[in-house]
Amino acid sequence: MQWREWFCSLGGGVGRSDLEDLRSVLPSFFPSLFGLGALASLTAYWLLTRPRSIRPPCDLRAQSVPVQGDASCRRSALLRDDNLLDFYYEDTKTAYEMFQRGLRIAGNSSPGRLAAVSPILILRCLAGDRPCLGFRKPGEPYQWISYTEVTHRAQVLGSGLLAKGCQPNPKQFIGIFSQNRPEWVIAELACYTFSMAVVPLYDTLGLEAMVHILNLAEIPLVICDKMEKAESMLANKETGVTPALSCLVLFNPISAALVERGRNCGVEVLHLSQLMALGRDNLRAPIPPEPEDLAVVCFTSGTTGKPKGAMITHGNIASNTSSVIKILEGFFVIRQEDVSISYLPLAHMFERMIQVSMFVHGARVGFYQGDVSLLMDDIKALRPTFFPVVPRLLTRIYDKVMVLTQLLLVIYDGEDTTVIGVAGLRSSLGLIQGSVTSPLRRAILHYAVKRKQAEVNSGIIRNNSLWDRLIFNKIQATLGGRLRFILTASAPISPAVLSFLRATLGCLIFEGYGQTECTAGCTFSMPGDFSAGHVGPPLPCAMVKLADIPDMSYYAKRGQGEICIHGPSVFQGYLKDEENTAQALDGDGWLHTGDVGQWLPNGTLRIIDRKKHIFKLSQGEYVAPEKIENIYMRSVPVLQVFVHGDSLQVSTHLPVEAPEAWSSASPCFCPPFQSCVVGIVVPDPEVFVDWARERGIVGSYEELCQNSDVKSAVLEDMVAMGKEAGLKSFEQVKDLYLHPEMFSVSNGLLTPTLKSKRVELRQVFREQIALMPP
């Protein structure tokens, strides 16, 4: 059709002059049309590829709701009513069933068909089985054990345990005394396959505590990794203090001398392969546990007395794991390709719950080599997508990130933009760290962090922005370059560190709060809420309420009080310890944590204090300061002492938003949490001067308090006193400040009953504490 006829057919009233005008416009119209098309294409591409903010699963202004109208008692806003979550999947009500689900997913076969098939047949009929547990030797890549093989080995090992006289019921306790490694998990699963309970043991418990645990739980068989640990077990048996112990099983090679030594004291010493052979010869069908059956007795490192064994059921584990799945529902899915790095002690519930969360989705767990100094090398080789951490490690990562980021700016600031490896950057620290303090480089780093933090605050988490490509991808590569999810727990973390790492690492970082007695966590950051300074709302498995503490002026009606937890994840009590159980669990089943919390307006919980004079160091150890103080006051030069090490420490360090205060001499610009115990000591005026003179140091009382040699001598005497009294290494003070004025009622540092006012002491000496090593 001709142009003239076409336009005439459209309007009928288009004249010749109109057509001529149109012809004159067309040559310029088509280029404009193509330009508009290109712009439309670019716009469409941007709309399809633009970063999208995370859509939270609930209103972030109301992340928890009051229970029966009581604002001090709250539950997750993700629940439809006050009924708490017991399990997420119908077929995952025990830890054993959760692993079996992972096996079915990994085998890529229908759950219904496999439900009636034994693990041995599964080994022969499954196709496409996926890796489960990974390990590596120095300098080599990771090797993997499949889900099917893990299940098979667990059944064989469990059958071997039964052949040695162990009973297939939850009253049968099996000790595991080993570092993290695949055999640990296989041994645990072996126990669950036949309804037995696990009792983890670990080095820092000490000899007396170890004996207490073995006797209290009446453990007949302990699985160890190294000969040294087996020898310590035999030493206890030889002295007659652990009469129930009758068998040791080792992962590592054993000597004939060790076997003979065990035989002489009535303990059979076997290598794992021997027990596996016995199991193959006496193979038994699985006897799975019920949700109410005991799964693990997790002994806490006692602070004022002997360790207490928290009794955790399979139902506890299922509800806690299910709640994390629920809170991530529709937002984050654990895939079979995901892999977690296992280095946090398996003797604690935090690491075990991470692993259960991986197993239930058919994902992988890779173990470090057992040497913390090689952890970064393991991470680079494994390239994990999941990374469970404690705040102390995150703070160290933050320190390294700050230094490496500035070094990368040095590289990009020059004409040569070739990026050297991270190892090269570390080796260059001493050469160029002093040259990274130019205003331009600081301004670039500050601007990059601000832009990334602005994205985080708007709910955008990514690692492919311009600033990632220029600066932060090199930092992300030090952690393998594939991180999708970081979970921090066990102690509070600095809001400045959390905000900075969320921006620079380009992955989701969640914070949780809990304790062994509630299986692991009771609160968890809500997806989409990337604010800091709180530990999130209650998990769907827990109700959390605040109880009045009149002595500390905390009242629930003001939104403050002792944190109490109720729900299916709360433990069953302490093993054979009614007194401590009654102190932890009240008559209505509420777990009293001893921590003090505050409800924030958005329904999240903030930890603000501790009811008991017990604090937790940044790596997770509990410390009872009054016990330590009573020991140190036996030291001749010491009159009074105040011990501090609270992981809630507030620092005077500047946050990232103050770049003008940055200095190459101090790469950490965030609150450093206390990782060791420090002390404020008032020397005894009656003996101090003479005591110092005996050591060749002369001066007045005040002068001696300022003398570094005197301080070192006092510290040495106190540590010696602590060793004599049996203090653990983490309980010993690592630094102190000598104060020339006594704590008294008149200066507000003692109560009328002459007890230390810890809050006031912490406030008065905050500057001295801040100057001591974290």
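What's counted below: heavy atoms across the whole structure, side chains too, no hydrogens, waters or symmetry copies.
Side chains of S146 and D129: a donor on one and an acceptor on the other come within 3.5 Å. A donor and an acceptor atom, one from each side chain of Y343 and E351, are nowhere located under 3.5 Å apart. When only modelled atom types and interatomic distance are considered, Q369 and D378 share a side-chain donor-acceptor pair under 3.5 Å.
Remark: D293 does not engage K171 in a salt bridge, criterion side-chain N to carboxylate O under 4.0 Å. Ion pairing of D86 with K93 is absent here, as no side-chain N (NZ or NE/NH1/NH2) approaches a carboxylate O to less than 4.0 Å. Taking 4.0 Å as the cut-off between side-chain N and carboxylate O, E140 and K137 do not count as a salt-bridged pair. With salt bridges taken as basic N to acidic carboxylate O contacts below 4.0 Å, none links K226 and E231.
Two residues are said to be in side-chain contact when any heavy atoms from C-beta on lie closer than 4.5 Å; H361 and I325 meet this criterion. For the pair S340 and P388, the minimum side-chain heavy-atom distance is below 4.5 Å. Inter-residue side-chain proximity for V198 and Y192 is flagged as met; some heavy-atom pair is nearer than 4.5 Å. Residues Q355 and E188 form no side-chain contact, since every pair of their non-hydrogen atoms from C-beta on lies 4.5 Å or further apart. Counting heavy atoms from C-beta outward, F359 and I105 have side chains that stay 4.5 Å or more apart. In this structure, the side chains of W184 and I223 stay at 4.5 Å or more apart for every pair of heavy atoms.
Y88 does not carry K326 over the face of its six-membered ring by the limits of under 6.0 Å from the centre and within 45° of the normal. Geometrically, R181 does not engage F135 in a cation-pi contact defined by less than 6.0 Å to the ring centre and at most 45° from the axis.
Under a 3.5 Å cut-off, the side chain of Q172 and the backbone N or O of C166 do not form any donor-acceptor pair. With hydrogens and angles disregarded, no donor-acceptor distance shorter than 3.5 Å links the side chain of N282 to the backbone of G160. For the pair S195 (side chain) and P288 (backbone), a donor-acceptor distance under 3.5 Å is present. Here the side chain of Y574 pairs no donor or acceptor atom with the backbone of A584 at under 3.5 angstrom.
Ring planes of F485 and F386: parallel class, angle under 30° (limits at 30 and 60°).
Around the NZ atom of K723, the shell of radius 6.0 Å holds no more than 12 heavy atoms that belong to other residues, nucleotides or ligands.
Residue pairs that meet the salt bridge (charged side-chain N to carboxylate O under 4.0 Å, His left out) test with at least one member in residues 336-349, sequence neighbours left out, are R130-E337, D338-R484.
Remark: aromatic rings of Y147 and F99 are close, center separation under 6.0 Å. Aromatic pair H348/Y202: ring centres closer than 6.0 Å.
A side chain to side chain contact (heavy atoms under 4.5 Å, CB included) with K308 is found for one member of L575, T581, D577, T516 and no other, namely D577. In summary, of the residues considered (E97, Q100, R104), a side chain to side chain contact (heavy atoms under 4.5 Å, CB included) with D91 occurs for R104 alone.
Not counting sequence neighbours, F177 has no partner by the ring-ring contact (aromatic ring centres under 6.0 Å, His included) test.
One finds the CG atom of N180 at 4.0 Å from the OG atom of S342 (value rounded to the nearest 0.5 Å).
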